[in-house]
> 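So that we are looking at the same thing, I have put the structure below in structure tokens.
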Amino acid sequence: MADWKETLNLPRTGFPMKANLPTSEPQTIARWEAMDLYGRLRKARQGAPKYILHDGPPYANGDIHLGTALNKVLKDFVVRARSMAGYDAPYVPGWDCHGLPIELRVDRELGPKRREMSVGEFRRACRAYAARFVDIMREQFKRLGGIGDWAHPYLTMNNAYVATIVRGLGAFARQGAVYKGKKPVHWCIHCRTALAEAEVEYEDHASPSIYVEFPLSPSSAAELAARLPELRGKPVSVLIWTTTPWTIPSNLAVAFQPTFTYGVYPAGDTNVIVAEDLAPQVQRVIRRPWGAPIAHVEGRLLEGIRFRHPLYDRDSVGVLADYVTLDQGTGAVHTAPGHGADDFVTGVRYGLEVYAPVGPGGHFDDTVGIFAGQGVFDANPHIEEALASRGRLWHRESFTHAYPHCWRCHNPVIFLATPQWFIAMDANELRARALDAVHHVSWVPPWGEERIGGMVANRPDWCISRQRYWGVPIPAVDCLDCHEPTLTADLAERAAGVFEREGADAWYDRPIEEFLPDGFRCPKCGGRRFERERNILDVWFDSGSSHEAVLSGVWPDLRWPADLYLEGSDQYRGWFQSSLLVALGTRGSAPYGEVVTHGFFVDEQGRKMSKSLGNTIEPDEIIGKSGAEILRLWVAMADFREELRVGPEILARVVEAYRKLRNTCRILAANLYDFDPAADMVPLAELPEIDRYALARYGAAARRIIEAYEHYEFPSIFHALNTLATVDLSAFYIDVCKDRLYTLAPKSASRRAAQTAMFTVVDGLARLMAPIVPMTADELWGFVPGTREESVHLALFPGPLEPLLDEELVERWTRLIEIRDQVNVAIEARRKDKLIGNSLAAKVTLEASGDSAALLDRYRSDLPGIFIVSEVELRQLTAGSQQPTGGSHVSVSVNRADGVRCERCWRYVPAVSTDPRHLGVCDRCVEALAETQRT
Ligand SMILES: [Zn+2]
Ligand SMILES: [Zn+2]
Ligand SMILES: [Zn+2]
């Protein structure tokens with residue numbers, strides 16, 4: 001007997017079943033680089049409308065981790081998708097190169113050598129370190145499959161960039177917004193530097209919690225008696241509460257809420273002032289009951305009343321402040337203007353000294369007497385002792401609370417007033433303009449608007465100076481005659497010019513005269529001798545200037561403002577905010593039209609990833625074991641706005657989803673080995689309904705996917721791709737097409753029709769999945785027939801899709817497929833009974849009523865193909881049968897097919913050929929064989 005298998009058009013393709021991504025991905029990436037895919041794409045989109053995603057610069061100080069990988073992958077989804085939607089969407093990656101993290105690492109690497117180095121030499125070591133990590137991270141980012149101008153990234157340490165930063169600062173100076181003042185800032189005594197808001201992290205910390213008595217000053221006795229005659233001649237005190245005993249030596253005032261009622265309670269040998277609503281709680285905590293109050297007093301009446309400092313021979317004055325609350329403490333708030341933001345504001349209002357007797361390393365100076373030289377945290381118990389020995393410490397306990405810590409060294413930070421440079425939030429209406437700009441930006445998710453708005457509304461002036469070396473020098477000068485610090489736009493411009501030519505190290509290497517504008521004099525005393533400022537700029541000012549340094553013409557592909565900033569949700573207080581403020585200083589509007597944020601990683605149990613829990617996963621692990629495409633597909637499947645769970649089980653599910661998608665694409669491509677779209681495409685109107693149904697399902701999915709790309713709804717993209725591949729194609733369309741594709745003559749119209757649909761779908765699938773799995777899509781692209789762009793990434797999303805859509809047809813076929821499911825269940829049962837093996841051995845009898853009967857009748861001749869059986873008999877359900885006749889109903893019975901099996905197509909037919917040339921073959925197959933031979 002002939003081997004008929006040889007005569008079937010069985011699928012074949014070079015597109016491998018097994019992806020082997022860890023090996024194939026680097027080859028794809030090398031191919032893109034060799035063909036200059038990025039450059040080719042820029043040329044292909046020349047003149048198209050621009051779409052600018054501006055990259056937020058990661059720190060160049062270590063290997064990438066899963067969080068940085070997530071961020072870059074999401075950006076790549078957007079850049080590739082916008083490009084396929086027809087935009088010219090360049091992507092220039094950047095790195096943040098200055099700053100404390102790098103300085104500390106270089107310090108550690110250098111060890112004792114560091115002490116012998118000049119500032120310039122140390123800065124050059126930092127530069128080399130940053131450059132090294134730019135190279136390392138660049139390779140790691142490229143390995144994720146991201147497209148971009150990797151050869152020309154922006155670096156915040158480059159001369160032109162640094163000049164832009166300094167000019168931006170000059171713009172603020174021109175508006176009178178830059179000032180130097182002594183002001184409490186978050187200060188790390190370990191790193192010896194001021195910290196930005198974004199650089200402190202709140203962690204639990206056990207602090208002492210103490211209640212301290214301040215007795216009434218004899219100098220105020222008469223005044224208090226005049227306001228409250230009940231207190232005449234009576235001893236009076238006020239009780240404060242604090243968790244920082246070391247700030248007691250700096251106490252200058254006690255703040256009261258003007259609208260609260262305070263009680264004066266007999267307590268031992270004094271009468272103590274405490275907010276009435278807090279008195280019961282305070283008595284409970286200090287375990288000392290008081291008598292009924294002998295007087296009531298409104299807070300506003302305590303303004304100007306003087307109390308004695310509990311340790312020093314000086315007074316502490318009663319002041320009023322709105323921020324005093326009833327949440328904790330006594331309602332009388334210990335106030336040290338040198339060590340607290342609120343305290344400072346109150347101190348300024350009352351003309352108090354900004355007294356901060358603490359050095360940069362956290363040690364007390366001589367003005368505090370017995371505590372001089374002690375570290376502030378070490379001094380806590382000594383201060384408590386001193387208070388106790390004077391009888392002023394009424395209670396102490398330990399108190400665990402969220403306390404600010406340094407993001408670098410994780411030590412608790414302090415508030416310390418030091419001379420710092422600031423950008424005034426209220427100069428030139430910066431705050432008001434920033435709040436207004438926030439409303440004109442689109443925030444995804446929408447709560448971002450409120451979050452950043454709240455932060456801008458409440459933030460203090462921007463402290464822009466840092467006491468470090470590796471950064472952009474603040475081009476200010478101090479007058480040697482009167483010590484006035486000066487920073488003007490002219491000074492900034494002069495420095496920018498030098499930095500542009502020679503780099504910022506020049507600030508430390510060159511004579512000061514080179515940085516002074518011609519004829520420059522001290523604006524205060526007219527002096528002409530100056531010393532240079534030693535502080536550098538906050539790195540957030542560096543990265544916040546990126547839009548100005550990168551989008552304003554240096555990269556000719558780009559333009560200002562950006563369409564999109566896309567970063568982790570921690571950037572509301574970081575880069576989103578600093579970029580906004582810098583842009584308002586330089587341009588008067590926001591640097592972005594839209595801001596999208598993503599969440600962070602947790603493990604499969606929802607726990608934060610940390611080295612100590614041992615549940616971290618490095619991107620390398622995933623890439624090496626499964627491939628970057630798996631990492632990318634997983635990012636697409638997860639809702640990036642929330643916390644993202646990742647772990648071995650989740651990744652195994654992603655691998656399985658990838659495998660299914662790949663196999664569907666593979667079988668489609670494999671059925672096109674002899675299809676030439678230029679010659680063999682069948683016009684849509686001539687396609688059988690089933691092919692048009694497949695195209696309608698595909699068209700609807702494609703439309704949803706393209707829309708979802710536009711709105712960053714990546715999980716719906718994955719869902720649509722997955723449903724199309726597994727449900728519509730794999731479980732239905734591809735299955736029912738097999739008979740036509742394999743057994744008919746290769747060029748028969750019916751086979752070409754199925755190929756037309758499959759070609760359209762696989763060509764579209766490659767394009768639609770290209771932003772998410774770019775390497776797989778491009779590999780597939782090479783196995784889809786027809787002349788096409790060299791890479792799918794030079795192509796556009798599929799279109800037009802409208803002609804493919806046909807809701808009515810989809811509705812009819814959806815009902816047919818429901819009946820098919822019913823038939824499949826019945827066939828499966830017969831298979832279990834061993835009545836039949838292959839479904840082609842079955843004959844299906846359908847009894848139907850109502851609409852279903854009409855529908856089935858209409859598709860009578862298609863039904864064997866749809867069910868993949870040899871025979872289908874239709875019967876009108878009669879009134880006499882047991883089934884209900886009303887409505888639309890179908891009942892199914894399955895029997896062995898009549899007739900004999902064709903040895904070639906396995907269908908059962910009434911008779912097969914007895915001709916020895918095609919013995920045992922059905923008429924249809926005889927015809928197909930004849931037709932094949934003719935051509
Ligand atoms: Zn620190
Ligand atoms: Zn001067
Ligand atoms: Zn046959």
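Because the structure is predicted, anything quoted here is derived from the model rather than measured. The figures here come from the full heavy-atom set of this structure, side chains too, leaving out hydrogens, waters and symmetry mates. First listed ligand is number 1; within each ligand, the first listed atom is number 1.
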> Do any of the N, O or S atoms of His190 sit under 2.8 Å from the Zn ion (ligand 1)?
no
> Could you tell me if Arg12 sits above the aromatic ring of Tyr673, with its cationic atom closer than 6.0 Å to the ring centre and no more than 45 degrees from the axis?
yes
> Around the Zn ion (ligand 2), list the protein N/O/S atoms within a radius below 2.8 Å, excluding water molecules.
Cys479 SG, Cys482 SG, Cys522 SG, Cys525 SG
> Under the 6.0 Å and 45° cation-pi test, does Arg901 pair with Trp906?
yes
> Do you see an N/O/S atom of His410, backbone or side chain, under 2.8 Å from the Zn ion (ligand 1)?
no
> Given atoms SG of Cys905 and SG of Cys925, what angle do they subtend at the Zn ion (ligand 3), to the nearest 10 degrees?
110°
> Can the ring centres of Phe415 and His186 be said to be less than 6.0 Å apart?
yes
> Decide if atom NE2 of His205 counts as having more than 12 heavy atoms of other residues, nucleotides or ligands within a radius under 6.0 Å.
yes
> Could you check whether the rings of His401 and Phe399 sit parallel, tilted or perpendicular, using 30° and 60° as the cut-offs?
tilted
> Please report whether the ring centroid of Phe530 lies less than 6.0 Å from that of Phe515.
no
> Quick check on Asp481: does its CG atom have over 12 non-hydrogen neighbours (other residues, nucleotides or ligands) under 6.0 Å away?
yes
> Looking from the Zn ion (ligand 1), what is the angle between SG on Cys191 and SG on Cys188, to the nearest 10°?
110°
> Do the rings of Phe122 and Tyr469 sit parallel, tilted or perpendicular, given the 30° and 60° boundaries?
perpendicular
